[in-house]
Amino acid sequence: MGVGEIVVLVLVVLVLLVVVRVARRPGRDSPPRPVTTPVSAQLQARVRELTGAGQRIQAVKELREATGLSLLDAKNAVDAIAAGASLPVAPPAGSASAGSASAGSASGDPRGDLAYRARSLAGAGREADAVRLVADETGMSAPEAEAFVRALRP
């Protein structure tokens, strides 16, 4: 094998390494991460109204101001709402509970609160059930729900 062939071989290997590295880089085609921040039904309706009127930037701005979401998360949330999805609904301001909007928590009964129910399941050794409950009721991904349940531990 001559020197010229070795140089060509080295160049081919370098080009392949660059192509593999670029292919592994997360691109714009990767799905946006879900937004799990509760957003009031009223704000979600306002976002739908603004996006329907072609004011997507204003919708992102208002959502960021109301929730403190990052620009990327607010944009993803606006895109999801505009596509017809609903985000987790925040309880109305001044409600008795900051947890689930079920009848149990609305009446002040902590047993209706999602965190209480998930903590109870995890405490009984049923952590997988607690993760599934949180994921089902909030729309969180499994890793997000698992992190939520872990955060409930004393």
Side-chain angles (χ1 to χ4, degrees), residues 15-154:
V15 168
L16 286 175
L17 288 174
V18 168
V19 168
V20 168
R21 185 174 181 126
V22 168
R24 287 188 179 176
R25 189 177 302 161
R28 295 183 185 265
D29 295 337
S30 62
R33 66 178 185 220
V35 176
T36 57
T37 301
V39 177
S40 71
Q42 182 180 6
L43 181 56
Q44 290 187 50
R46 174 74 176 144
V47 167
R48 281 187 197 89
E49 175 186 317
L50 288 168
T51 57
Q55 298 179 339
R56 212 173 268 274
I57 294 172
Q58 183 64 29
V60 170
K61 179 181 177 187
E62 289 186 22
L63 186 61
R64 288 189 73 203
E65 289 173 356
T67 62
L69 288 170
S70 70
L71 180 60
L72 178 60
D73 286 343
K75 183 216 172 280
N76 289 341
V78 166
D79 289 346
I81 292 169
S86 292
L87 301 180
V89 177
S95 71
S97 172
S100 170
S102 70
S105 64
S107 66
D109 183 357
R111 291 174 294 184
D113 182 56
L114 176 61
Y116 176 87
R117 291 180 288 141
R119 188 180 299 115
S120 296
L121 285 170
R126 297 175 53 196
E127 189 164 321
D129 291 333
V131 169
R132 195 172 309 110
L133 171 73
V134 171
D136 289 347
E137 289 199 14
T138 64
M140 289 182 186
S141 68
E144 291 170 328
E146 187 176 339
F148 178 85
V149 170
R150 273 196 311 259
L152 295 175
R153 291 183 189 149

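Here, residue 1 is the first one in the sequence, and each next residue gets the next number.
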Asks: Roughly how far, to the nearest 0.5 Å, is CG of Leu43 from CZ of Arg48?
Replies: 10.0 Å
Asks: To the nearest 0.5 Å, how far apart are OG in Ser70 and CG in Asn76?
Replies: 8.0 Å
Asks: Just to verify, what does Gln55 make a side-chain hydrogen bond (donor to acceptor under 3.5 Å, both in side chains) with, not counting sequence neighbours?
Replies: none
Asks: Out of curiosity, Glu146 CD to Ser141 OG, how far, rounded to the nearest 0.5 Å?
Replies: 9.5 Å
Asks: Once side-chain hydrogen bond (donor to acceptor under 3.5 Å, both in side chains) is applied, do any residues pair with Gln58, and if so which ones, sequence neighbours excluded?
Replies: Glu62
Asks: Are there over 12 heavy-atom neighbours, none belonging to Gln42, within less than 6.0 Å of that residue's CD?
Replies: no
Asks: To the nearest 0.5 Å, tell me how far Leu133 CG sits from Leu121 CG.
Replies: 6.0 Å
Asks: Going by the side chain to side chain contact (heavy atoms under 4.5 Å, CB included) test, name the single residue among Leu50, Asp73, Leu69 that passes it with Leu63.
Replies: Leu69
Asks: For Ile81 and Gln44, work out which heavy atoms get closest and say how close.
Replies: CG2-O, 3.8 Å
Asks: Do you know which two heavy atoms are closest between Arg56 and Val78, and how far apart they sit?
Replies: CG-CG1, 3.8 Å
Asks: For Ala145, which residues count as a side-chain contact (heavy atoms from CB on, under 4.5 Å) partner, sequence neighbours excluded?
Replies: Val131, Val134, Ala135, Met140
Asks: Assess whether side-chain contact (heavy atoms from CB on, under 4.5 Å) is satisfied between Ile57 and Lys61, documenting all intermediate values.
Replies: CA-CA 6 Å; Ile57 294 172; Lys61 179 181 177 187; 5.5 Å; no
Asks: Can you give me the closest heavy-atom contact between Ala122 and Val149, atom names plus distance?
Replies: CB-CG1, 4.0 Å
